[in-house]
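One structure is given below, encoded as structure tokens.
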There are 2 protein chains.
Amino acid sequence: MLLDKLTRKQEIHQTAAKLFNEMGFNAISMRDLAAELDIKASSLYNHISSKDEILSDIILNIGSQFTEGMLAIVNQEEDVITQLEQLISLHVGIVVDNPDAIGCLNNDWKHLNPESKSRLVKMRNDYEEQFRRIIKRGIVESKIVNLNPEVILFSLLSTLRSMNIWYSKKGSDDVNELTRQVKSILLEGVKVK
Amino acid sequence: MLLDKLTRKQEIHQTAAKLFNEMGFNAISMRDLAAELDIKASSLYNHISSKDEILSDIILNIGSQFTEGMLAIVNQEEDVITQLEQLISLHVGIVVDNPDAIGCLNNDWKHLNPESKSRLVKMRNDYEEQFRRIIKRGIVESKIVNLNPEVILFSLLSTLRSMNIWYSKKGSDDVNELTRQVKSILLEGVKVK
DNA sequence: ACATAAAACTAACAAATGTTAGTTAGTTTG
DNA sequence: CAAACTAACTAACATTTGTTAGTTTTATGT
């Protein structure tokens, strides 16, 4: 099933993610999307019900992947540093498999319809809250430096969230090596001691 | 002169930057922009010549600030770590003064007209190349960890470039304290040694 | 007070947008 | 074979878009 050929709807989602990522949701018309698939705009509506829905499907799917990944990590109750390393791996893994969809999530979540947007924002808030708790626990346990947890959180998230940009630019090389280096830089810093 | 009241054109730029940052260039119509200024769309054209031009003005202005800041730092020929700290201060300073315009630069540069886009991309490439040289020199001098300079560069830039997002969310508190913490996190990492 | 410039207005345009209705050709299934 | 389904098509729709032309109001300087 997973190795099957894509359904037409999945093809549309994939192509839409690519175009939305390149130019933004609002810059891509249904005619643009259709042209990329070599059909007419109206034919898209045999498979999807609105432009809105395409965006929601793409973004909420990625949101769910992060939510599930975070849940798995939190439930494992490992060491704080290990959990941070697992979070970094989670982000790298999702980026590698869905670079375009991540771009949509980062840039086009504002254009979700109200229902989808509120679902996403809730997922994101929950995700950040779990991340924050890990950091705070690390500070209490003296495993993480005693700085403003908010600054630590967003510094880490900034790098993790924009990995899609330079991942697509550089090509994979070796994903394991990339993960190792990102872990080292984020956790140990760039300065030689 | 700098403390003078804004010209109407500057007001338009300021309001446009705010709206573009909130919803993206393509999602804001000239009627939206005009409404925010309590005038009609056509009245805008007494002050600006096109929607395109507004975006170019906003973005290239910020681009220039980064270019000039980088030039000043490179010319000073300080220690590598000092230069990195100065770069962090440069980003914080520009973000604090122009959070909306930074959002435009990050998200809407793709929608610049061809001439402006190529100017911006050149500025950005030059900026990144100078940044890369500092990192490479740091590695040679054993001041910076011996990892892929590209990964170091984009990890640092990711955090610096998205500071606008959480700066506007948190309010300034104390900019000096913020700068100090970001320097510590990026250079020393988050893990207790 | 008068002339000039600055900045607003109304009305309209051609193009582009998301979407619907109705139709047709090809494929699968009973 | 006939029925049903899939997936494409053409044509058209009401809105929204950036922008222009022409006009009127408001502010400024002599």
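Bear in mind the structure is a predicted one, so any value in this text is a computation, not a measurement.
- The distance between atom CD1 of B/Ile54 and atom P of D/dT17, rounded to the nearest whole Å, is 15 Å.
- Rounded to an integer number of Å, the gap from CD of A/Glu53 to P of C/dT19 is 10 Å.
- Side chain of B/Asn107 to backbone of B/Gly103: a donor-acceptor contact under 3.5 angstrom is found.
- The side chain of B/Lys40 sits closest to C/dT10 out of D/dT10, D/dG18, C/dT10.
- No donor-acceptor distance shorter than 3.5 angstrom exists from the side chain of A/Ser162 to the backbone of B/Ser158, with no hydrogens or angles considered.
- B/Leu71 and B/Leu160 fall into different hydrophobic clusters, where Ile, Leu, Val, Met, Phe, Trp and Tyr side chains are chained together by heavy-atom contacts under 4.5 Å.
- A/Ile48 comes within 4.0 angstrom of no nucleic acid atom, judged by non-hydrogen atoms across all strands.
- At the phosphate of C/dA8, OP1 or OP2 sits under 4.0 Å from a side-chain N or O atom of B/His47.
- The cationic group of A/Lys51 lies under 6.0 Å from the six-membered ring centre of A/Phe25 and within 45° of the ring axis, placing it in a cation-pi geometry.
- Side-chain contact check for A/Asp32 and A/Ser29: at least one donor-acceptor pair (N or O, by modelled atom type) lies under 3.5 Å.
- Across the protein-nucleic acid pair, A/Met30 atom CE and D/dA14 atom C1' stand 17 Å apart, rounded to whole Å.
- Side chain A/Asn46 to base D/dA8: a donor-acceptor pair is found below 3.5 Å.
- As a whole-Å value, the separation of A/Asp38 CG from D/dC9 C1' is 14 Å.
- For A/Lys51 and C/dT17, the NZ to P distance is 9 Å, given to the nearest whole Å.
- B/Val140 and B/Ile134 fall into different hydrophobic clusters, where Ile, Leu, Val, Met, Phe, Trp and Tyr residues are linked whenever their side-chain heavy atoms come under 4.5 Å apart, directly or through other members.
- Ranking C/dT17, C/dT19, C/dA8 by closeness to the A/Ser29 side chain, first place goes to C/dT17.
- The separation between B/Leu33 atom CG and C/dA8 atom C1' is 15 Å, rounded to whole Å.
- Nucleic acid contact class of B/Leu37 (heavy atoms, under 4.0 Å, all strands): none.
- One finds no side-chain N or O of A/Ser43 lying less than 4.0 angstrom from the OP1 or OP2 phosphate oxygen of D/dA7.
- Using a 4.0 Å cutoff on non-hydrogen atoms, no part of residues 14-25 of chain B comes near DNA chain D.
- A straight line from NZ of B/Lys9 to P of C/dA6 spans 13 Å, rounded to a whole angstrom.
- The closest side-chain donor-acceptor pair between B/Asn46 and B/Ser43, if any, does not fall under 3.5 angstrom.
- A donor and an acceptor atom sit less than 3.5 Å apart, one in the side chain of A/Ser42 and one in the base of D/dT10.
- The interatomic distance linking B/Asn26 (CG) with C/dG18 (P) rounds to 11 Å, in whole Å.
- Out of D/dT20, D/dT17, C/dT19, the shortest distance to the side chain of B/Tyr45 is found at D/dT20.
- Within the structure, every side-chain polar atom (N or O) of A/Arg31 is placed at least 4.0 Å from both OP1 and OP2 of C/dT19.
- No donor-acceptor pair under 3.5 Å is formed between the side chain of B/Glu129 and the backbone N or O of B/Asn125.
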